[in-house]
*Asks:* 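Just passing along the structure, written as structure tokens.
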Amino acid sequence: MNKAVFLDKDGTLIHDLPYNVDPSLITWQNGVFEALSSLSAKGYLLVIVTNQSGVARGLFEEKHLNALEVFMRAVLRERGIHLDGFYYSPYHIEGTVKEYAIHSDCRKPGSGMLIKAATELQIDLSASWMIGDTLSDVEAGNRAGCKTILIGKEPVSAEDKIRQPTYTAKTIAEAAKLI
């Protein structure tokens with residue numbers, strides 16, 4: 001079985017520009033390439049798991065996400081980093097595109113994307129981590145049985161156990177050092 005680090009995309013790997021699928025507008029977080037190289041060197045598979053409700057909202061089509069994945073993989077590959085998986089949830093219950101306007105456990109805070117990746121990539125979830133910048137990311141990781149790291153300062157209620165991260169970090173570089 002493999003171990004993995006599941007990574008949120010927007011706000012974690014790249015700066016969050018809502019509903020952006022234009023590669024020319026992507027700016028990577030400081031220290032992200034070093035962090036990913038370090039995690040890969042420690043034997044972790046690197047898997048992006050990202051909510052992309054812009055599809056359900058009719059703001060862009062899935063083909064744009066596929067092009068974005070190709071771009072991100074190429075940038076990472078140029079830096080010697082292999083991305084093992086790219087999973088996205090195009091669903092949102094309030095969407096305007098009928099086939100995507102549904103509830104899905106693949107949408108974080110559900111754990112569906114992590115479970116699917118674990119099945120397809122033979123990942124031991126208990127030996128894996130989820131890194132993200134929202135409590136939905138933390139909840140998805142906790143529901144899947146991973147350890148979790150919350151990047152940033154989103155308040156966490158002590159009573160809400162499913163949203164309690166294992167650790168908090170200020171940056172992805174700091175998160176990688178914690179792992």
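Values below: every heavy atom of this structure, side chains too, minus hydrogens, waters and symmetry copies. Predicted model only: the values in this text are computed from it and were never measured. By convention here, the first residue in the shown sequence is residue 1.
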*Asks:* Hey, mind stepping through Ile151 and Ile131 against side chain to side chain contact (heavy atoms under 4.5 Å, CB included) and telling me if it holds?
*Replies:* CA-CA 7 Å; Ile151 295 178; Ile131 302 175; 3.4 Å; yes
*Asks:* What pairs with Ser128 under side chain to side chain donor-acceptor pair (under 3.5 Å), at least two apart in sequence or on another chain?
*Replies:*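 Checked Ser128 against side chain to side chain donor-acceptor pair (under 3.5 Å); zero matches.
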*Asks:* Quick one: do Leu83 and Trp129 end up in the same hydrophobic cluster if we chain Ile, Leu, Val, Met, Phe, Trp and Tyr together by side-chain heavy atoms under 4.5 Å apart?
*Replies:*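 In one cluster with Leu83: Trp129, yes.
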*Asks:* Can you tell me if Arg163 uses its side chain to pair, donor with acceptor, with the backbone of Val138 under 3.5 Å?
*Replies:*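 Flag not set: sc Arg163 to bb Val138 has no pair under 3.5 Å.
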*Asks:* For the residue pair Gly95 and Ala101, what are the closest heavy atoms and their distance?
*Replies:*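 Result for this residue pair: O-CB, 3.4 Å.
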*Asks:* What pairs with Asn142 under side chain to side chain donor-acceptor pair (under 3.5 Å), at least two apart in sequence or on another chain?
*Replies:*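 Only Thr148 meet the side chain to side chain donor-acceptor pair (under 3.5 Å) criterion with Asn142.
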*Asks:* Applying salt bridge (Lys or Arg N to Asp or Glu O under 4.0 Å), can you list everything that pairs with Lys63, at least two apart in sequence or on another chain?
*Replies:*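 Residues passing salt bridge (Lys or Arg N to Asp or Glu O under 4.0 Å) with Lys63: Glu61.
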*Asks:* Mind checking side chain to side chain donor-acceptor pair (under 3.5 Å) for Ser89 and listing every partner two or more places apart, or none if nothing turns up?
*Replies:*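 Not a single residue meets the side chain to side chain donor-acceptor pair (under 3.5 Å) criterion with Ser89.
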*Asks:* Under 3.5 Å, which donor-acceptor pairs link side chains of residues 32-42 to any protein atom two or more places apart or in another chain?
*Replies:*
residue : atom : partner : partner atom : Å
Ser37   : OG   : Phe33   : O            : 3.0
Lys42   : NZ   : Ala176  : O            : 3.4

*Asks:* Looking at residues at least two apart in the chain, or sitting in another chain, which of them share a side chain to side chain donor-acceptor pair (under 3.5 Å) with Arg57?
*Replies:*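 Applying side chain to side chain donor-acceptor pair (under 3.5 Å) to Arg57 gives Tyr19, Ser53, His92.
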*Asks:* For the residue pair Thr166 and Ile149, establish whether any side-chain heavy-atom pair is separated by less than 4.5 Å.
*Replies:*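 No - every pair of side-chain heavy atoms lies 4.5 Å or more apart.
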*Asks:* Within the structure provided, determine whether Asp16 and Pro18 are in side-chain contact (heavy-atom separation under 4.5 Å).
*Replies:*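 Yes - at least one pair of side-chain heavy atoms lies under 4.5 Å apart.
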*Asks:* Who else is in the cluster with Leu114 when I, L, V, M, F, W and Y are joined by side-chain contacts under 4.5 Å?
*Replies:*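 Via sub-4.5 Å side-chain contacts, Leu114 links to Phe6, Leu45, Val47, Val49, Tyr87, Met113, Ile115, Leu121, Ile123, Leu125, Met130.
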*Asks:* Restricting to pairs with a member in residues 99-110, which pass side chain to side chain donor-acceptor pair (under 3.5 Å), not counting sequence neighbours?
*Replies:*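 Every side chain to side chain donor-acceptor pair (under 3.5 Å) pair that includes a residue of residues 99-110, provided the two are not neighbours, is Asp8-Lys108, Glu62-Tyr100, Lys108-Asp137.
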*Asks:* Could you give all pairs that pass the side chain to side chain donor-acceptor pair (under 3.5 Å) test and reach residues 170-179, with sequence neighbours left out?
*Replies:*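 Qualifying pairs: none.
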*Asks:* So Asp22 and Phe60, do their side chains get closer than 4.5 Å, heavy atoms only?
*Replies:*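 Counting from C-beta outward, Phe60 and Asp22 never come under 4.5 Å.
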*Asks:* Could you please spell out the steps behind the side chain to side chain contact (heavy atoms under 4.5 Å, CB included) verdict for Leu76 and Trp28?
*Replies:* CA-CA 11 Å; Leu76 294 171; Trp28 296 83; 4.1 Å; yes
*Asks:* Please list, chain by chain and in numerical order, all residues satisfying salt bridge (Lys or Arg N to Asp or Glu O under 4.0 Å) with Asp133, sequence neighbours excluded.
*Replies:*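 In terms of salt bridge (Lys or Arg N to Asp or Glu O under 4.0 Å), with neighbours along the sequence ignored, Asp133 is linked to no residue.
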*Asks:* If every non-hydrogen atom of Gly110 is compared with every non-hydrogen atom of Ala140, which pair is closest and at what distance?
*Replies:*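 Shortest heavy-atom separation between Gly110 and Ala140 comes out as O-CB, 3.3 Å.
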*Asks:* Rounded to the nearest 0.5 Å, what's the gap from CG on Asp10 to CG on Leu17? Could you check?
*Replies:*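 These two atoms lie 8.5 Å from each other.
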*Asks:* Can you tell me if CG on Asn30 sees more than 12 non-hydrogen neighbours from other groups inside 6.0 Å?
*Replies:*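 At most 12 heavy atoms, drawn from other residues, nucleotides or ligands, come within 6.0 Å of this atom.
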*Asks:* With heavy-atom distances below 4.5 Å as the criterion, would you say the side chains of Asp124 and Asn2 are in contact?
*Replies:*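 Contact flag for Asp124/Asn2 side chains = no.
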*Asks:* Taking only residues two or more places apart in sequence or in another chain, which ones pass side-chain contact (heavy atoms from CB on, under 4.5 Å) with His15?
*Replies:*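 With sequence neighbours excluded, His15 shows a side-chain contact (heavy atoms from CB on, under 4.5 Å) to Thr27, Gln29, given in chain and number order.
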*Asks:* Counting heavy atoms not belonging to Lys116, are there more than 12 under 6.0 Å from its NZ?
*Replies:*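 No, not enclosed.
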*Asks:* In Å, rounded to the nearest 0.5 Å, how long is the span from NZ of Lys3 to OG of Ser126?
*Replies:*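 Going from NZ on Lys3 over to OG on Ser126, the span is 11.5 Å.
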*Asks:* For Asp84 and His82, test the side chains for any donor-to-acceptor distance below 3.5 angstrom and give the result as yes or no.
*Replies:*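 There is such a pair (donor and acceptor under 3.5 Å, judged by atom type) between the side chains of Asp84 and His82.
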*Asks:* If we only count heavy atoms from C-beta on, is the Val55 to Val97 side-chain gap below 4.5 Å?
*Replies:*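 Sidechains of Val97 and Val55: no contact.
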*Asks:* With Tyr88 as reference, evaluate Ile48, Leu68, Asn66, Asn51 under the side chain to side chain contact (heavy atoms under 4.5 Å, CB included) test and give the passing residue.
*Replies:*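 Result for side chain to side chain contact (heavy atoms under 4.5 Å, CB included) with Tyr88: Asn66.
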*Asks:* If you count the non-hydrogen atoms of other residues, nucleotides and ligands that lie under 6.0 Å from OH in Tyr167, is the total more than 12?
*Replies:*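 It does not: Tyr167 OH has 12 such atoms or fewer within range.
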*Asks:* Apply salt bridge (Lys or Arg N to Asp or Glu O under 4.0 Å) to Arg79 and list each qualifying residue two or more places apart in sequence or on a separate chain.
*Replies:*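 With sequence neighbours excluded, Arg79 shows a salt bridge (Lys or Arg N to Asp or Glu O under 4.0 Å) to no residue whatsoever.
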*Asks:* Would you say Ile14 and Leu46 are hydrophobically clustered, going by side-chain heavy atoms of ILVMFWY under 4.5 Å?
*Replies:*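 Yes, same cluster.
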*Asks:* Once rounded to the nearest 0.5 Å, what's the spacing between atom NZ of Lys9 and atom CG of Leu7?
*Replies:*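 Lys9 atom NZ to Leu7 atom CG measures 12.5 Å (nearest 0.5 Å).
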*Asks:* Show the nearest heavy-atom pair for residues Ala169 and Leu178, with the distance to one decimal.
*Replies:*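 Reported closest heavy-atom pair: CB-CD1, 4.1 Å.
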